[in-house]
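These notes concern the structure reproduced below.
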Amino acid sequence: MNELFDKIKPLFSGEVFLLALTLGSFLFGIYLYKRLKFPLIQPLLIAVAIIIPFLKIAEIDYTTFYEQTRILSFMLGPSVVALGYVLYEQIEHIKGNVISILTSVFIGSIVGIGSVIGVAKLFGADRMLLMSLAPKSVTTPIAISIAEQTGGVPELAVAFVVICGIFGGLVGPVLLRSLGIKSRIAKGLAMGSASHALGTARALEMGAIEGAISGLAIGIMGIMTALLVPFVERFL
């Protein structure tokens, strides 16, 4: 049995198989989510629940998995840029609200960075962990870059980004309804600023305007976080 496993292991750790596994798991998650309509059944969670056990059983380390599926990481950037088309369709809703949008996201970035660092320091987190937590509300490529430049751990930063996105996607719409927020622009800004691409995916389900504004918030949040985190780092 071990000899057979050793022979087929290169197949399991190959680029084609791991890409198929990753995409297939995510598509299966989307199918379940649309079928059951249960908020906790997020496609990303389903994919993680399938991929991680498989990697453990097949004895495939993270480095190998990352290298073989790096094209998916590369596509994160273009996918965010593609949101610009959705934004262009809703450009009329942005005119006249530029100052309020920039102000809201700026305050959101300060609160997002300050709150997580404050709570983490309260629990005794070291500087490395703080710098890995700080970019939690931006997209993965930006978070990796910020973590690398400020002494954080990129892998941890990615994990925090995913957790933040899932939590925001689940809790965000419920919280917005509970607070009685009616503005579609405010909803989009909140989802995009707090939970980046995963929040934007949920915002698109709420409506085209919410999704477009959320996509805009992702870009602005990324820029402001990239500027603020190095500044905060100096005082830690």
Would you call Arg177 and Val174 a side-chain contact if the rule is heavy atoms closer than 4.5 Å?
-> yes
Taking all heavy atoms of Ser195 and all of Cys164, pick out the closest pair and write down the distance.
-> CB-O, 3.7 Å
Count the heavy atoms of every other residue, nucleotide or ligand shown that sit under 6.0 Å from CZ of Phe17, and state whether that count exceeds 12.
-> yes
Might you work through the side-chain contact (heavy atoms from CB on, under 4.5 Å) test for Leu133 and Ile117, ending with a clear yes or no?
-> CA-CA 7 Å; Leu133 279 165; Ile117 288 180; 6.0 Å; no
Spell out, yes or no, whether Leu32 and Phe26 are grouped together once hydrophobic residues are joined by side-chain heavy atoms under 4.5 Å, including indirect joins.
-> no
Step by step, work out the side-chain contact (heavy atoms from CB on, under 4.5 Å) result for Ile163 and Lys136.
-> CA-CA 8 Å; Ile163 293 171; Lys136 64 176 178 56; over 6 Å; no
Has the side chain of Ser115 got a donor or acceptor atom that lies under 3.5 Å from a matching backbone atom of Gly112?
-> yes
Quick check: does any side chain N or O of Ser132 sit under 3.5 Å from a backbone N or O of Val153, one acting as donor and the other as acceptor?
-> yes
Kindly compute the distance separating CD1 (Ile110) from CE (Met224), expressed to the nearest 0.5 Å.
-> 8.5 Å
Quick one: pull up OG in Ser25 and CG in Leu45 and give me the separation to the nearest 0.5 Å.
-> 12.5 Å
Going only through I, L, V, M, F, W and Y residues with side-chain contacts under 4.5 Å, is there a path from Val138 to Ile107?
-> no
For the atom pair NZ (Lys187) and CD1 (Ile209), what is the distance rounded to the nearest 0.5 Å?
-> 10.5 Å
Start with the C-alpha gap between Glu233 and Arg127, add the side-chain angles, then the distance that decides, and say whether salt bridge (Lys or Arg N to Asp or Glu O under 4.0 Å) holds.
-> CA-CA 9 Å; Glu233 178 203 6; Arg127 186 177 180 280; 2.5 Å; yes
Is the shortest heavy-atom distance from the side chain of Leu129 to the side chain of Phe160 under 4.5 Å?
-> yes
Residue pair Leu72 / Leu23, side-chain heavy-atom distance below 4.5 Å = yes
How close do Ile181 and Ala186 get, heavy atom to heavy atom, and via which atoms?
-> CG2-CB, 3.9 Å
Taken to the nearest 0.5 Å, the spacing of Thr150 OG1 from Glu148 CD works out to 9.5 Å
Can you list every pair that meets salt bridge (Lys or Arg N to Asp or Glu O under 4.0 Å) and has a residue in residues 203-223, with sequence neighbours left out?
-> Arg184-Glu210, Arg202-Glu205
Between atom CG of Leu44 and atom CD1 of Ile30, what is the distance when rounded to the nearest 0.5 Å?
-> 10.5 Å
Could you pull out the closest heavy-atom pair between Val161 and Ala143, with the gap in Å?
-> CG2-CB, 3.5 Å
Side chain proximity check, Gln68 to Ile60, heavy atoms < 4.5 angstrom = no
Answer with yes or no whether the hydrophobic clustering places Leu130 together with Met128; edges join I, L, V, M, F, W, Y residues whose side-chain heavy atoms lie under 4.5 Å apart.
-> yes
Should we count CD1 of Ile99 as having more than 12 external heavy atoms under 6.0 Å?
-> no
Thr22 (side chain) donor-acceptor with Leu18 (main chain) under 3.5 angstrom = yes
Quick check: does any side chain N or O of Ser109 sit under 3.5 Å from a backbone N or O of Phe106, one acting as donor and the other as acceptor?
-> yes
Over all heavy atoms of both residues, which pair between Ile101 and Leu189 is shortest? Give the atoms and the distance, please.
-> CG2-CD2, 3.7 Å
Look at atom CZ of Phe123 and say whether more than 12 heavy atoms of other residues, nucleotides or ligands are closer to it than 6.0 Å.
-> no
Could you note down all residue pairs passing side-chain hydrogen bond (donor to acceptor under 3.5 Å, both in side chains) where residues 96-108 supplies at least one of them, sequence neighbours left out?
-> none
Single-linkage hydrophobic cluster Leu102~Ile213, side-chain heavy atoms < 4.5 angstrom = yes
Audit row: His196, Ile142, side-chain contact (heavy atoms from CB on, under 4.5 Å) steps and yes/no = CA-CA 11 Å; His196 47 82; Ile142 299 176; over 6 Å; no
Here the gap from Ile113 atom CD1 to Thr225 atom OG1, rounded to the nearest 0.5 Å, amounts to 4.5 Å
Smallest separation among heavy atoms of Val229 and Met131, with atom names = CG1-SD, 4.3 Å
Correct closest heavy-atom pair for Ala203 and Met191 would be CB-CB, 4.1 Å
In terms of hydrophobic clustering (I, L, V, M, F, W, Y; side-chain heavy atoms under 4.5 Å; direct or indirect links), are Leu36 and Ile166 co-clustered?
-> yes
Are more than 12 heavy atoms from other residues, nucleotides or ligands located less than 6.0 Å from atom CZ of Phe54?
-> yes
